[in-house]
Amino acid sequence: MDWKIIAIITPLTFVTFQSLSKLLPKTVSVFLVTAYSSLIGFFLMLALHFLFSPDKSLSMNNKSLLIAIGCGALISIGNFGIIKALSLGAPQSIFSLIFYVTTIVYGVLFGLFFWRETLNFPQIIGAILSLA
């Protein structure tokens, strides 16, 4: 499967996740929801690892483990932010617009400044059109 198809389809999972989050009663702890979500994600990702990875080992070197811990902390904080914003009454349409536009902006900035990626002319036009 081409990665571009995945890039188009995958946001549907996040929009669905955000929509489901709006159904949560205000009395449910956002922390508890995120903990349960992360636990389910842990088991799902572990199963996917065993299904698709050629190396079935669970070991990691220290550097990879620290990066994985950082990624886990960031995704948990990100999921908390999404759930919290929606539980505070953020309209799905406006939240998604702000969320995904800023994701594009942050992604491009990280690519340019941290990973030293470059943009060619068609990419610049595409970015301008996406933001417009």
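Because the structure is a prediction, the values reported are computed rather than measured.
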Minimum-distance pair of heavy atoms, taken over all atoms of Ile6 and Met1: CG1-SD, 3.5 Å
Cluster question for you: counting only ILVMFWY and a side-chain heavy-atom cut-off of under 4.5 Å, with indirect links fine, are Ile124 and Phe113 together? yes
Is Phe121 reachable from Leu129 through a run of I, L, V, M, F, W or Y residues, each pair having side-chain heavy atoms under 4.5 Å apart? yes
Measure the acute angle between the ring planes of Phe95 and Phe99, then classify it against the limits of 30° and 60° as parallel, tilted or perpendicular. parallel
Contact list for residues 70-91, test ring-ring contact (aromatic ring centres under 6.0 Å, His included), sequence neighbours left out: Phe31-Phe80
Result for side-chain contact (heavy atoms from CB on, under 4.5 Å) between Ile83 and one of Leu20, Val28, Thr34 points to Thr34
Looking at side-chain heavy atoms only, is the closest gap between Leu58 and Leu46 below 4.5 Å? yes
Can you tell me how far CG of Leu48 sits from CZ of Phe43, rounded to the nearest 0.5 angstrom? 13.5 Å
Would you say the side-chain atoms of Lys22 pair up with the backbone N or O of Ala90, donor to acceptor, closer than 3.5 Å? yes
Tell me, do Ser87 and Leu24 make a side-chain contact under 4.5 Å, heavy atoms counted? no
If only atom types and distance count, is the side chain of His49 paired as donor or acceptor with the main-chain N or O of Ser57 below 3.5 Å? yes
Are the side chains of Leu109 and Phe114 in contact, using a 4.5 Å heavy-atom criterion? no
CE of Met60 to CG of Leu66, rounded to nearest 0.5 Å, is 10.5 Å
Asp2 and Ile5, any side-chain heavy atoms less than 4.5 Å apart: yes
Quick check: is Ile128 connected to Val101 through a chain of hydrophobic side chains (ILVMFWY, heavy atoms under 4.5 Å apart)? yes
Spacing of OG1 belonging to Thr102 relative to CG belonging to Leu97, to within rounding of 0.5 Å: 9.0 Å
Flag yes if Tyr100 and Leu86 sit in one hydrophobic cluster, no otherwise; membership is Ile, Leu, Val, Met, Phe, Trp, Tyr, and two members link when side-chain heavy atoms are under 4.5 Å apart. yes
Any chance NZ of Lys56 has more than 12 other-residue heavy atoms, nucleotides or ligands included, within less than 6.0 Å? yes
Has Ser29 got a side-chain atom pairing as donor or acceptor with Leu32's backbone, closer than 3.5 angstrom? yes
On a heavy-atom basis, the closest approach of Ile82 and Gln18 is CG2-CG, 3.5 Å
Between Gln92 and Val15, the two heavy atoms sitting closest are NE2-O, 4.0 Å
So, Ser64 versus Asn61: side-chain donor-acceptor pair below 3.5 Å or not? yes
Linking I/L/V/M/F/W/Y whenever their side-chain heavy atoms sit closer than 4.5 Å, directly or via other members, would Phe17 and Val30 fall into one cluster? yes
